[in-house]
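To start, the structure itself, in structure tokens.
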Amino acid sequence: MEISLLPAQSIDKAIRSLIGSIPELSEAFGEVFDPIIRSSDPKFGDYQANGILPLAKKSGRNPRALAEILVPHLEASELIASSIEKITIAGPGFINFTLKKSYMQAWLAHFSSEEAFKDSTKDWLGQQTTVIDFPSANTAKQAHIGHLRPMVIGEAIARILEFCGAQTVRDNHIGDWGTNFGTLIMMIKKEKLELSDYRDPEEALIELDRLYKEGSNLEKEDPKLRDISRNELLRLQQEDPTNLALWDAIIEISNQAFEHLFKQLNVRTDVTLGESFYKDKVDRIYEELEATKIAEMSEGALVVWHDEVKKFSRGNERPFPFNIRKKDGASNYASTDLATLLYRVEHFKAESVIYLTDARQKDHFEQLFLTSKKWFEAKQYTLPELKHIWWGTILGTDNKPIKTKSGESIKLQSLLNEAVDRALKVVSEKNPNLPKDEQMKIAQAIGIGALKYADLSSNRTQDYMFDWDRMLSFEGNTAPYLLYVIARINSIFKKAACEDTLDNLSKATDLETTLEIDLARKIIQFPLALEQALSDLRPHFLCTYLFELAGTFNGFYNKEKVIDPDPTIQERRLLLCHRTQLILKTGLGIIGIETVQRM
RNA sequence: GCACCCAUAGCUCAAUUGGAUAGAGUGCUUGACUACGAAUCAAGAGGUUGGGGGUUCGACUCCCUCUGGGUGUACCA
């Protein structure tokens, strides 16, 4: 029996193939019929075909009559005979499919490891080279809560793409060439500081934070200082050795501090190519865009107009061009982004580039993509697929962007510390007998996992409310709820003393009880959830699914005893336990959340 | 002014991209531990999907309009 990762796809293929080969069906359904196979409410079956209804409308025929032509052929066909138990027509013209229990059993037996899933999913994106631009940390500043989403969402999306076969380059496009460096260098010289005096990059970064804040205030009071800062920036850009060394030290400090956060949040980047990397690559952009007449001068700046898009049109009351070179001749965000895209295409051979930022930068990326399209067409470069993945704001329980009580942004490190502290409190309460170091390890996994899961489990394009009590309450759609199921299943394995035989559960008999079948059904839907999460790069589809799987499992667990005197019953239930755990571990792994053996 | 995003149960969120009776969690009411981990499960109440119109066999989803929030509007990134 051939087992398909996506049985829905097999049904789809079978219908198309029958329509192509049987004249009666070709005539009734035509060439371009899409069956629209979806998973269905369990009370109807496992899958449903919705495609009859739109076709009936288009061709002016009775949908049920159309279904009645198709269904007998499907029933007689060998194509899905091994997988489908029952096909029924219902409602206005839906066709419902119910999987055979033996097929579910075979599916469960076949997909027995993460590798087994990957064998199928790795073909979904076929090795496509994808550059993921995240988390684009800013330099010389302590990370705050605003850096949480790019790290968490970025890591999850990178992993989803990788699981589905993409060749990714995770590129941390840091902002390391901005005007703030002038102020910082001015202040460092003014206070005669030695950056190497700070052993700990965290401590040094706090100092840089202070310097910048104080420096900006001083500049406001004393315009002469502002001129000094400007001059320092100019000298930096002219590669003055002293300033370049200071700049290097600052970058090193902030990169180290970020690395420390990445480690705690289990975030990985492959390359860190900031704006400074492109400083000698922007001239080519100006030249090419001017030569192709895509860019033109406006008010002293070099800009690209996109008059075909209303909001960017120069006819507006407030014109909004894409400014790629400032009137003082300096590069900006737009120029480096254009140079970066070209580098990604020429150097990394990117077939797809994904940018992750918050929603406020939507206009920028729309302009960047419009400009790139015109430019690449004119130069006959191959334009990769470009996507801007954006998200909403983190709100406090007062429904406003989250802040500390004094109105400052919350430091990311203190957020992580609080997550672990809160988790540790619960862990030590529930497991007073565990060694302290293990309690700490578990608390880290739970605390960080809860924080990440809270961010990933709601639709990224929405704002979400940050609520400690909710994310760590260990109830509802939270990481601890999912982690608990994994730990609980481990306890069953231990009690059944079956760790050695888990790889070979061949005595398992066909599923019998409703709760067993419900659970198996849910397990088989895993690839659908993954497919959905991939199609829109929205991790919450996967989270919702994992939560439902955990709930279905808990329902089964509370009613059906796994450990049973009859070895065939015990094996088939152990099989369900094992696959549930496998998918929870795999699924959480795909969104970047660490799991624990016990908790 | 122009553009984009959002509004779903008291609260926090879903809804398979237009499908069957809009679902979860939380909170509230009630029940299940001599039990493979109760950090769990089962049951009940709770809705004019912001208002109004339209398209469709079918609309939370698409179109128009109004109300109320948020964001962006060239030389910050």
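Each chain gets a letter, A, B and so on, in the order its sequence line appears, and its residues count up from 1. Since the model is a prediction, treat every value here as computed from it, not as a measurement. FYI, side chains are in, hydrogens and waters are out, and symmetry mates aren't considered; it's all heavy atoms of this structure.
- Side-chain nitrogen and oxygen atoms of A/Tyr481 include at least one within less than 4.0 Å of the OP1 or OP2 phosphate oxygen of B/C41.
- When each of A/Gly555 and A/Met465 is assigned the nucleotide of RNA chain B bearing its nearest heavy atom, the one mapping closer to the 5' terminus is A/Met465.
- Contact annotation: side chain of A/Asn96 to base of B/A20, donor-acceptor pair present below 3.5 Å.
- Taking the centre of each ring, A/Phe44 and A/Phe94 stay at or above the 6.0 Å mark.
- When the P atom is used for both B/U26 and B/C5, the distance is 33 Å, rounded to whole Å.
- Both stacking criteria are satisfied for A/Phe94 over the base of B/A20: a centre-to-centre distance under 5.5 angstrom and an angle between ring planes under 30 degrees.
- For A/Arg488, a side-chain nitrogen or oxygen approaches OP1 or OP2 of B/A38 to under 4.0 Å.
- Aromatic stacking of A/Phe44 on B/A20: satisfied, with centres closer than 5.5 Å and planes within an angle under 30 degrees.
- Close to B/A39, at under 4.0 Å from its OP1 or OP2, lies a side-chain N or O of A/Lys430.
- No contact: A/Asn490 has no heavy atom under 4.0 Å from any strand.
- A donor and an acceptor atom never sit less than 3.5 Å apart when one is taken from the side chain of A/Glu275 and the other from the base of B/A77.
- Residue A/His540 places at least one side-chain N or O under 4.0 Å from the OP1 or OP2 atom of B/A15.
- Distances shown here put every side-chain N or O of A/Tyr545 at or beyond 4.0 Å from the OP1 or OP2 atom of B/A14.
- Ring orientation note: the planes of A/Phe365 and A/Tyr355 are tilted relative to one another, at an angle of 30° to 60°.
- The side chain of A/Lys362 places no N or O atom within less than 4.0 Å of a non-bridging phosphate oxygen (OP1 or OP2) of B/C4.
- With hydrogens and angles left out, the side chain of A/Ser298 and the base of B/A74 share a donor-acceptor pair within 3.5 Å.
- At B/C41, one or more side-chain N or O atoms of A/Asn554 fall inside 4.0 Å of OP1 or OP2 (strictly under the cut-off).
- Taking the side chain as every heavy atom from C-beta outward, A/Leu356 and A/Pro150 never approach each other to under 4.5 Å.
- Residue A/Gln462 places at least one side-chain N or O under 4.0 Å from the OP1 or OP2 atom of B/A14.
- Rounded to a whole Å, the CG atom of A/Asp133 is 12 Å from the C1' atom of B/A77.
- Heavy atoms from other residues, nucleotides or ligands lying under 6.0 Å from NZ of A/Lys281 number more than 12.
- Counting atom types as modelled, A/Glu299 pairs a side-chain N or O with a base atom of B/C75 as donor and acceptor under 3.5 Å.
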Note to self: Please determine whether side-chain hydrogen bond (donor to acceptor under 3.5 Å, both in side chains) holds for the pair A/Glu219 and A/Ser229, giving the CA-CA distance in whole Å, both sets of side-chain angles, and the decisive distance to 0.1 Å.
What the structure shows: CA-CA 9 Å; A/Glu219 284 172 4; A/Ser229 298; 2.6 Å; yes
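- In terms of position on RNA chain B, the residue among A/Asp363 and A/Ala90 whose nearest nucleotide sits closer to the 5' end is A/Ala90.
- Separating the NZ atom of A/Lys43 from the C1' atom of B/G23 is a distance of 11 Å, rounded to the nearest angstrom.
- B/C33 has its base syn relative to the sugar, with a glycosidic angle deviating from 0 by at most 90°.
- Whole-Å rounding puts the A/Ile36 CD1 to B/U16 P distance at 14 Å.
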